[in-house]
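Everything below concerns the one structure shown next.
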Amino acid sequence: MADEEPVDPLPKLREDCLKSCPKAKADYDSCVKRIEAKGEGDCEAWYFDLIHCVDKCVAPKIFAYTK
């Protein structure tokens, strides 16, 4: 076991927690579609709302991996 490369659990946890943020994900996706149609602007605020939701879900779970 000491020879194994450690695996970062964060990407998997974020992927799992994304499912617990359907409204934030839908808002971000609709913004992306609007921006693609217009060709200008950004979705920074919606992205940060989505990441905040995901991080809120991830935080208590990630600490289970620390020693």
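Values in this document were obtained by computation on a predicted structure and should not be read as measured data. For the single chain, residues carry numbers from 1 onward in sequence order.
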(message) Tell me which one of Cys21, Cys53, Cys43 satisfies side-chain contact (heavy atoms from CB on, under 4.5 Å) with Tyr28.
(response) Cys43

(request) Nearest 0.5 Å please: distance from the CG atom of Asp55 over to the CD1 atom of Ile62. (result) 10.5 Å

(message) Using side-chain heavy atoms (C-beta onward) and a distance below 4.5 Å, is Leu50 in contact with Trp46?
(response) no

(request) Could you tell me whether the side chain of Asp49 reaches within less than 4.5 Å of the side chain of Asp27, counting heavy atoms only? (result) no

(message) Let's test your reading of the model: do Cys57 and Cys17 have SG atoms under 2.5 angstrom apart?
(response) yes

(request) Identify whether Tyr47 and Ile35 are in the same connected component of the hydrophobic contact network (ILVMFWY, side-chain heavy atoms under 4.5 Å). (result) no

(message) With clusters defined by side-chain heavy atoms of hydrophobic residues (ILVMFWY) lying less than 4.5 Å apart, directly or transitively, does Leu13 cluster with Val7?
(response) no

(request) Go through the steps for Asp29 and Lys25 under the test salt bridge (charged side-chain N to carboxylate O under 4.0 Å, His left out), then give the verdict. (result) CA-CA 6 Å; Asp29 288 342; Lys25 175 79 169 117; 3.0 Å; yes

(request) Considering only NZ, NE, NH1 and NH2 on the basic side and carboxylate oxygens on the acidic side, decide whether Lys12 and Asp16 come within less than 4.0 Å. (result) yes

